[in-house]
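As a basis for the values below, the full set of heavy atoms in this structure was taken, side chains included, without hydrogen atoms, waters or symmetry mates. For ligands, and for the atoms within them, numbers begin at 1 and follow the listed sequence.
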Amino acid sequence: MKLITLKDIKEHIGEEVKLRGWVRNYRKSSSKLRFIIFRDAFSDIQAVAFKPEMGEENFEKVKQITLESSVEIIGVPQEHPKRKGVYEFQLKDLNIIGISENYPIGKKEHGADFLLSHRHLWLRSKKQNAALKIRHTIYYAICEYLNKNDFYRFDSPILTPNASEGTTTLFEVPYFDLGSAFLSQSGQLYLEAGIMSLGKVYDFGPVFRAEKSKTRKHLTEFWMMDAEAAFVEHDENMDIQEELIRYVIRTIIERNSKELEILERDVEKLKKADAPFKKMTHREVIDMLKNKGVEIDYLDDFGAPEEEMITAGSDVPVFVERWPKEIKSFYMKRDKDNPDLVLGADLIAPEGFGEIIGGSQREDDHDILLSRIKKEGYDVKDYQWFLDLRKYGSVPHSGFGIGLERLIQWMSGIRYIREVIPFPRMINRINP
Ligand code: 4AD
Ligand code: MG
């Protein structure tokens with residue numbers, strides 16, 4: 001008898017097969033009839049246990065099952081007589097592999113804290129399973145796009161001697177006789193070395209920020225894809241980001257329709273976002289916000305409410321570009337038309353999902369960069385290697401970093417970032 005999975009169920013209609021998985025749920029209908037919701041990695045199926053069909057002995061085994069017991073089921077898959085594409089399983093026999101006693105997650109509503117404390121089990125729920133499948137697709141879609149467009153994967157180190165995104169969110173770790181090391185906030189600075197050899201590069205891995213903020217969009221450990229390209233300037237940098245994000249949207253719609261349905265994601269909204277993105281300068285945004293009565297200044301950054309106002313009424317993401325140099329990182333290139341501004345752009349997702357990408361053209365002039373590093377109060381010797389890149393064949397170049405979890409949140413419509421990563425790390429939680 002063939003061992004199959006629910007992925008291939010429709011190829012085995014009417015045939016006796018075996019499946020392995022878990023009991024999501026079960027229900028007693030009468031003394032002779034029970035229904036089991038069986039699940040494997042791919043899907044759920046209702047298995048019908050009918051005593052006259054199974055025989056006394058096999059039916060007794062069905063009576064032993066509990067929520068989340070692991071089982072092997074033997075029987076015949078059938079298509080539902082009235083609902084096309086819905087399958088049922090006529091059970092002939094069932095073997096318990098591992099019994100589950102008093103599974104803590106039940107039908108009643110659990111609070112977020114309870115679920116997070118049981119994250120190792122919560123992962124099995126239908127919505128969490130769907131979210132993680134979408135994560136998988138997005139991860140590979142990003143890599144596919146970059147690989148097709150001649151970006152080489154170039155892995156940046158996690159243990160670093162210096163900061164790329166300011167010193168306030170650094171995690172410090174003791175490092176032998178050399179003092180302290182810091183967990184990377186972004187691999188960008190290293191990618192800038194990589195492009196001088198490989199032209200276009202990207203990294204994709206965990207980054208760390210000691211974020212003091214407890215919001216639904218912040219983790220202390222999250223995944224970032226940083227991309228960097230030689231000879232690419234500000235406008236082209238935004239074009240690449242737009243093309244990449246639109247590729248991800250189309251891929252998700254194509255490969256994850258079932259998961260989007262489980263998550264009740266409005267797919268029409270995603271389809272509408274696959275159109276030319278909008279652009280506003282930071283100054284235009286401030287003017288717009290002021291007109292709407294927001295108390296804000298020309299040197300202010302945006303919080304969640306402002307981000308929502310930026311994309312209000314827009315189906316597509318909005319690039320906010322040309323920021324005051326005071327509120328952006330030291331490595332961003334000055335705008336030659338206005339030296340008070342830098343050629344950075346943040347991409348703000350619609351529907352209140354906020355900033356998903358931070359990017360910029362990089363300062364390629366040695367002396368300007370040196371003065372920016374000094375102004376930040378950084379130790380120049382830590383950045384000597386980074387300055388070297390401006391001494392030996394410097395080129396105009398740009399790059400950007402996508403927050404993977406933020407992008408998953410938007411694609412899947414999940415409001416809380418803690419649900420789109422297997423084991424979230426937050427200011428008040430490191431377990432499990
Ligand atoms: O805007 P950020 O700070 O940009 C950089 O780190 C650049 N060095 C990237 C580059 O140019 N290569 O971070 C990039 C993105 C943000 O737009 C956001 O989506 C995400 O990373 N992000 C976070 N996601 C979850 N939790 C946090 N605490 C995050 N901080 C930033
Ligand atoms: Mg940013």
Side-chain angles (χ1 to χ4, degrees), residues 135 138 142 146 151 154 156 160 162-171 182-195 200-229 232 234 237-238 240-241 244-245 248 282 301-304 306-307 310 317-321 323 327-333 342-349 353-363 386 397-411 414-421 424-427 429:
R135 181 184 175 100
I138 294 178
I142 292 172
L146 293 165
F151 282 79
F154 178 92
S156 301
T160 60
N162 44 16
S164 68
E165 304 306 316
T167 50
T168 56
T169 63
L170 282 175
F171 276 110
F182 305 101
L183 298 181
S184 177
Q185 301 162 306
S186 158
Q188 178 202 322
L189 305 192
Y190 293 94
L191 293 187
E192 290 187 50
I195 56 162
K200 296 198 262 182
V201 295
Y202 70 99
D203 62 24
F204 210 148
V207 290
F208 305 86
R209 301 213 183 159
E211 296 274 7
K212 304 278 178 343
S213 43
K214 277 198 226 167
T215 78
R216 58 185 180 84
K217 289 183 213 162
H218 286 90
L219 294 167
T220 54
E221 174 180 325
F222 63 98
W223 278 58
M224 174 125 71
M225 190 291 293
D226 296 283
E228 196 73 25
V232 166
H234 177 61
N237 193 35
M238 287 189 287
I240 296 169
Q241 293 168 50
L244 168 53
I245 295 297
V248 172
H282 176 268
D301 198 351
F302 309 122
E306 290 82 29
E307 286 182 346
I310 291 168
V318 179
F319 282 108
V320 179
E321 56 163 338
W323 292 66
I327 57 172
K328 282 293 186 195
S329 298
F330 71 96
Y331 52 70
M332 292 191 184
K333 188 172 176 64
V342 289
L343 297 174
D346 283 0
L347 185 64
I348 316 294
F353 286 99
E355 181 193 329
I356 51 171
I357 302 185
S360 69
Q361 184 165 345
R362 317 305 190 187
E363 185 50 73
F386 190 60
H397 63 285
S398 305
F400 58 93
I402 300 181
L404 175 65
E405 289 76 17
R406 298 273 182 90
L407 183 57
I408 304 169
Q409 277 191 278
W410 173 36
M411 291 292 110
I414 292 177
R415 280 180 62 77
Y416 290 93
I417 198 164
R418 60 188 185 225
E419 296 188 31
V420 300
I421 184 163
R425 297 290 175 246
M426 289 168 294
I427 185 164
R429 181 172 293 279

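Listed by chain and residue number, the protein N/O/S atoms under 2.8 Å of the Mg ion (ligand 2) are E355 OE2, with waters left out.
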Result block: side-chain N/O donor-acceptor pairs under 3.5 angstrom for residues 186-194, not counting sequence neighbours:
residue, atom, partner, partner atom, Å
S186, OG, Q188, N, 3.2
S186, OG, D226, OD1, 3.0
Q188, OE1, Y331, OH, 3.1
Q188, NE2, E192, OE2, 2.8
E192, OE1, R390, NH1, 3.3
E192, OE1, R390, NH2, 2.6
E192, OE1, H397, NE2, 2.8

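Within the 4.0 Å heavy-atom cutoff, E228 does not count among the residues contacting ligand 1. The shell of residues lying under 4.0 angstrom from ligand 1, judged by heavy atoms, excludes K328. Not a single heavy atom of E405 sits less than 4.0 Å from an atom of ligand 1. Within the 4.0 Å heavy-atom shell around ligand 1 one finds I417.
Polar contact check, L219 against ligand 1: a nitrogen or oxygen pair lies under 3.5 Å apart. Residue-to-ligand polar distances place E165 within reach of ligand 1: an N/O pair is separated by less than 3.5 Å. Considering backbone and side-chain atoms together, Q188 places an N or O closer than 3.5 Å to an N or O of ligand 1. For ligand 1, one of its N or O atoms has an N or O atom of I356 under 3.5 Å away. Checked by distance only, ligand 1 and S164 stay at 3.5 Å or farther apart across all their nitrogen or oxygen atoms.
F171 and F208 have perpendicular rings, their planes meeting at more than 60° on a 0 to 90° scale where under 30° would count as parallel.
Considering M426, R406, R362, E211 only, the shortest heavy-atom separation from atom 11 (O) of ligand 1 involves R362.
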